Chemist: 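A single structure is presented below for examination.
Nothing here was measured: the structure is a model prediction, and the numbers come from that model. In each ligand, atom 1 is the first atom listed, and ligand 1 is the first ligand listed.
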Amino acid sequence: MLPSGCVMKEEMLSKKKAKAKLYTRYPLSSLLIYNGATILHFLLGGIGIILGYSFSSWTGYAFGALYLVFSFVEMYVMMPLTVCPHCVYYRMKDSLCISGLNVISKKVAKEGDPKDFPKRAKGLFCNNNLYMAALMVPIMAMIPALIMNFSFLLLAIFFAVVGLLLFRFFVIFTKIACVHCYAKHKCPQAEAMGVRNM
Ligand code: SF4
């Protein structure tokens, strides 16, 4: 357990560097937008894969189900078990991060080391790469499916998933989530999105 002075120091450092308001507790509306967009992305992605490969009796269902399990487990099981314990929100009193997963993490995982937080972006199968894979796989899978098994419904799902990805990059990360996050000075994703000095 880190002394509360360290948590305060980390918070003060983030406040000093940041221009945008940093949230100890994100508003409920932000949580709903973040998790709503995430769940919708995974569900539409899974449905798109099933529909796109429906010409083969089992491939679509198997691939779609595999994708759904992978994406939900990566986000809502692996994240609170392996990433959140190292995050500043785990240690801040009465905090609520953008996904709300810090609350779950506190119940299911032991406190980690803040120095290990940037490890989320290290290695081929690191959490950041798996997170990106969960977002990108349905888009990549639906492109050949559109060629082999075109339908306007599949095209609409494809555009919806691409739209959700762009919404995540250009609105959620930069205006709702990372920009207001106390972890942004340590988080590799915030660095990649260029929001550290916002
Ligand atoms: S900076 Fe963004 S990705 Fe990183 S912990 Fe905060 S909200 Fe999550």
Chemist: Would the Phe63 and Tyr61 ring centres measure less than 6.0 Å apart?
Modeler: no
Chemist: Any idea which protein heavy atom is nearest atom 4 (Fe) of ligand 1, and the distance to it?
Modeler: Cys187 SG, 2.3 Å
Chemist: What part of Cys181, side chain from CB on, backbone N/CA/C/O, both or neither, has a heavy atom under 4.0 Å from ligand 1?
Modeler: side chain
Chemist: Is Met140 atom CE crowded by more than 12 heavy atoms from other residues, nucleotides or ligands, each under 6.0 Å away?
Modeler: no
Chemist: Ile157 and side chain to side chain contact (heavy atoms under 4.5 Å, CB included): which single residue from Ile49, Val162, Leu51, Leu146 fits?
Modeler: Leu51
Chemist: Just which atoms of ligand 1 are under 4.0 Å from any heavy atom in Ala190?
Modeler: 1 (S)
Chemist: Counting non-hydrogen protein atoms only, what is the nearest one to atom 3 (S) of ligand 1? Give residue, atom name and distance.
Modeler: Gln189 NE2, 3.5 Å
Chemist: I'd like to know if the side chain of Lys184 and the backbone of Met198 have a donor-acceptor N/O pair within less than 3.5 Å.
Modeler: yes
Chemist: Take the angle between the ring planes of Phe72 and Phe42 and call it parallel below 30°, perpendicular above 60°, tilted in between.
Modeler: perpendicular
Chemist: May I ask you to check if Arg168 and Tyr34 form a cation-pi contact, with NZ or CZ under 6.0 angstrom from the six-membered ring centre and within 45° of the axis?
Modeler: yes
Chemist: In the protein, what heavy atom is nearest to atom 7 (S) of ligand 1, and what distance, to one decimal place, separates them?
Modeler: Ile98 CG2, 3.6 Å
Chemist: At under 4.0 Å between heavy atoms, is it the side chain or the backbone of Arg120 that contacts ligand 1, or both, or neither?
Modeler: side chain
Chemist: What residue and heavy atom of the protein are closest to atom 2 (Fe) of ligand 1, and at what distance?
Modeler: Cys178 SG, 2.4 Å
